[in-house]
A.B. asks: 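Please see the structure below; I have some questions.
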Amino acid sequence: MSADARKLTIYLGERQRARGAFLADALVDVYARHELRTSLVLRGAEGFGARHGYRTDRQLTLSEDLPLVAVAVDETPRVEAALADVRALAPRGLVTVERARLATAPLALPPELDGQVKLTVYLGRRERAAGRPAFEAVVAVLRRHGVAGATVLLGVDGTVRGTRERARFLARNANVPLMVISVGDGARIAAALAELDVLLAQPLATLERVRVCRRDGVRLATPEHDPVEPIAGLDQRQKLTVYAGEQSRHAGEPLTPGLLRALRREGLAGATVLHGVWGYHGDHAPHGDTLWQLRRRAPAMLVTVDRPERSRRAFELIDAWTAETGLVTSETVHAADGTSGASSGRSSSA
């Protein structure tokens with residue numbers, strides 16, 4: 001089954017506050033109050049925003065206000081009801097809204113979604129399927145069906161079917177949500193959905209249109225601004241996403257941190273890097289961190305949201321930096337950024 005849905009994303013700072021509390025906590029309280037189907041807060045590894053400086057978890061002095069990304073998903077009326085409360089809390093943060101189809105059992109690809117598709121599957125942190133962690137099983141299915149790539153992002157807070165689930169020290173955190181983001185051809189996504197419908201006990205996913213611009217060094221398309229039905233009070237922006245590995249390199253330099261700094265030098269409004277815990281892109285085998293590794297092998301994502309003319313400049317840089325590796329996608333989203341900028345370390349628009 002599928003229904004018209006919205007994916008609400010807020011880019012903010014770890015130390016940003018609203019009404020006497022940390023903004024991230026306040027946002028999840030809003031999601032729980034509105035009983036949104038699922039939501040999660042992701043901790044970024046590094047980033048920059050339009051009005052604030054660079055932040056990274058690789059330098060102690062710059063890691064005190066890391067970027068956060070808060071994502072919430074539900075059917076359109078429920079998200080629209082929560083949006084006013086969210087915008088009242090985050091007047092300086094970048095807020096984006098993406099149109100999607102919300103899929104529950106039985107999972108299937110809606111006929112209006114053809115071409116390239118982004119599939120996001122929402123799971124519990126310790127949920128299991130086929131005798132192993134559910135996220136590993138989902139990634140295996142996606143790769144087996146030739147989906148272009150998948151990245152697992154671990155939440156630190158969020159809601160599951162309207163109930164808040166926060167990660168706590170020395171707890172199993174079994175129900176804290178995570179999400180598996182994948183991109184691929186619609187026919188391959190449809191085949192994977194049929195298998196996931198059998199694999200998962202309570203499947204929950206969103207499906208969105210996406211344009212694949214580069215894959216493993218091959219340029220397939222250029223970002224195009226696809227006008228979509230307007231949402232009151234929100235502008236249309238371009239979202240570019242780069243999927244790679246933490247060890248991916250360009251001209252001897254680590255890809256995602258180097259590209260992030262290049263985008264900042266170019267004067268882009270902002271960008272955020274998220275590190276995954278498992279995933280793959282292209283023909284590479286699924287990979288992630290293990291206890292005995294001396295070097296991280298987890299996947300990484302870089303996200304930037306800006307006006308179409310600025311996004312064209314961003315893609316010129318991204319195109320050069322991903323000449324040998326990586327998966328690059330483009331989407332049209334709705335966005336608002338209050339006072340023309342987000343808190344430190346997140347994507348924003350000037």
Side-chain angles (χ1 to χ4, degrees), residues 5-45 47 49-52 55 64-98 100 102 120 122 124-125 153-168 173 175-179 181 204 206 231 233-234 237 239 270 272 274 301 303 305 333-339 341-349:
R6 297 287 186 269
K7 179 184 288 185
L8 175 62
T9 306
I10 298 91
Y11 300 85
L12 62 146
E14 194 169 32
R15 299 183 65 82
Q16 188 172 340
R17 301 181 70 85
R19 299 177 184 175
F22 285 115
L23 176 57
D25 281 341
L27 288 170
V28 181
D29 285 342
V30 169
Y31 303 152
R33 187 166 66 250
H34 285 269
E35 298 182 340
L36 298 188
R37 187 74 62 94
T38 191
S39 70
L40 67 166
V41 176
L42 307 166
R43 179 173 284 119
R51 300 181 61 184
H52 296 265
R55 294 291 183 269
E64 297 177 351
D65 186 18
L66 290 175
L68 298 179
V69 180
V71 180
V73 172
D74 207 330
E75 294 181 22
T76 298
R78 300 177 71 85
V79 171
E80 289 181 344
L83 181 57
D85 289 347
V86 167
R87 294 189 67 182
L89 283 172
R92 294 189 300 115
L94 175 67
V95 178
T96 70
V97 180
E98 299 165 67
L102 182 67
T120 306
Y122 304 88
R125 183 182 292 201
L153 298 174
L154 189 64
V156 296
D157 199 350
T159 59
V160 178
R161 295 175 179 86
T163 300
R164 185 165 187 176
E165 299 287 353
R166 189 200 306 258
R168 301 183 186 279
N173 297 319
N175 295 320
V176 176
L178 59 78
M179 61 185 187
I181 301 178
L204 178 65
T206 53
I231 296 177
L234 302 178
R237 311 281 175 89
K239 176 180 176 180
T272 300
L274 299 165
M301 283 175 51
V303 181
V305 179
V333 303
H334 297 86
D337 54 3
T339 57
S343 313
S344 66
R346 51 242 96 310
S347 300
S348 68
S349 214

A.B. asks: Is there a side-chain contact (heavy atoms from CB on, under 4.5 Å) between Glu14 and Leu66? Walk through the geometry before answering.
C.D. replies: CA-CA 5 Å; Glu14 194 169 32; Leu66 290 175; 3.7 Å; yes
A.B. asks: Can you find a heavy atom in the side chain of Leu40 that is under 4.5 Å from one in the side chain of Val28?
C.D. replies: no
A.B. asks: Apply the test side-chain contact (heavy atoms from CB on, under 4.5 Å) to residues Leu102 and Leu204: give CA-CA distance (whole Å), side-chain angles for both, the deciding distance (0.1 Å), then the verdict.
C.D. replies: CA-CA 7 Å; Leu102 182 67; Leu204 178 65; 3.6 Å; yes
A.B. asks: To the nearest 0.5 angstrom, please state how far the OG1 atom of Thr96 sits from the CD1 atom of Ile231.
C.D. replies: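 If we round to the nearest 0.5 Å, Thr96:OG1 and Ile231:CD1 are 10.0 Å apart.
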A.B. asks: Exactly one of Lys7, Lys239, Arg6 should register a salt bridge (charged side-chain N to carboxylate O under 4.0 Å, His left out) with Glu98. Which one does?
C.D. replies: Lys239
A.B. asks: Are the side chains of Val95 and Leu234 in contact, using a 4.5 Å heavy-atom criterion?
C.D. replies: no
A.B. asks: Sequence neighbours left out, what passes salt bridge (Lys or Arg N to Asp or Glu O under 4.0 Å) with Asp157? Give chain and number order.
C.D. replies: Arg164, Arg166
A.B. asks: Looking only at non-hydrogen atoms, find the nearest pair between Gly158 and Pro177 and report the distance.
C.D. replies: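 Minimum heavy-atom contact is CA-CG, 4.1 Å.
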A.B. asks: If we check salt bridge (charged side-chain N to carboxylate O under 4.0 Å, His left out) with Asp85, which of these qualifies: Arg33, Arg78, Arg19?
C.D. replies: Arg33
A.B. asks: In Å and rounded to the nearest 0.5 Å, what is the CZ to CG distance from Arg15 to Leu23?
C.D. replies: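 If I round to the nearest 0.5 Å, the distance is 13.5 Å.
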A.B. asks: Got a donor-acceptor contact below 3.5 angstrom from the Thr272 side chain to the Val303 backbone?
C.D. replies: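 Looks like no, no N/O pair under 3.5 Å.
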A.B. asks: Testing the basics here: between Arg87 and Ala336, what is the closest heavy-atom pair and its distance to 0.1 Å?
C.D. replies: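 For Arg87 and Ala336, the tightest heavy-atom pair comes out as NH2-CB, 3.5 Å.
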A.B. asks: Can you tell whether the side chains of Glu165 and Arg125 come within less than 4.0 Å, N to carboxylate O?
C.D. replies: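 No, Glu165 and Arg125 are not salt-bridged.
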A.B. asks: Just jot down the side chain to side chain donor-acceptor pair (under 3.5 Å) partners of Thr206, sequence neighbours excluded, or say none.
C.D. replies: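 Counting only residues at least two positions away or on another chain, Thr206 forms a side chain to side chain donor-acceptor pair (under 3.5 Å) with Tyr122.
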A.B. asks: In sequence, state the C-alpha distance, the side-chain angles, and the governing distance for Leu42 and Met179, and then conclude on side-chain contact (heavy atoms from CB on, under 4.5 Å).
C.D. replies: CA-CA 10 Å; Leu42 307 166; Met179 61 185 187; 3.6 Å; yes
A.B. asks: Could you state the interatomic distance from CG (Leu94) to CG (Leu12), rounded to the nearest 0.5 Å?
C.D. replies: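 One gets 10.5 Å once the value is rounded to the nearest 0.5 Å.
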A.B. asks: State which residues pass side-chain contact (heavy atoms from CB on, under 4.5 Å) with Arg17; sequence neighbours excluded, sorted by chain then number.
C.D. replies: Phe22
A.B. asks: Can you tell me which residue among Leu8, Leu68, Leu89, Val41 is in a side-chain contact (heavy atoms from CB on, under 4.5 Å) with Leu27?
C.D. replies: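 So, applying the side-chain contact (heavy atoms from CB on, under 4.5 Å) to Leu27 and each of Leu8, Leu68, Leu89, Val41, only Leu89 qualifies.
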A.B. asks: What's the spacing between Thr9 OG1 and His334 NE2 if we round to 0.5 Å?
C.D. replies: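 So the gap between those two atoms works out to 13.5 Å.
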A.B. asks: About how many Å separate OG1 of Thr38 and CG of Asp74, when rounded to the nearest 0.5 Å?
C.D. replies: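 Going from CG on Asp74 over to OG1 on Thr38, the span is 9.0 Å.
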A.B. asks: As an exercise, state the distance from CG of Leu274 to CG of Leu154, rounded to the nearest 0.5 Å.
C.D. replies: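 Answer for the CG-CG pair, Leu274 versus Leu154, is 11.5 Å.
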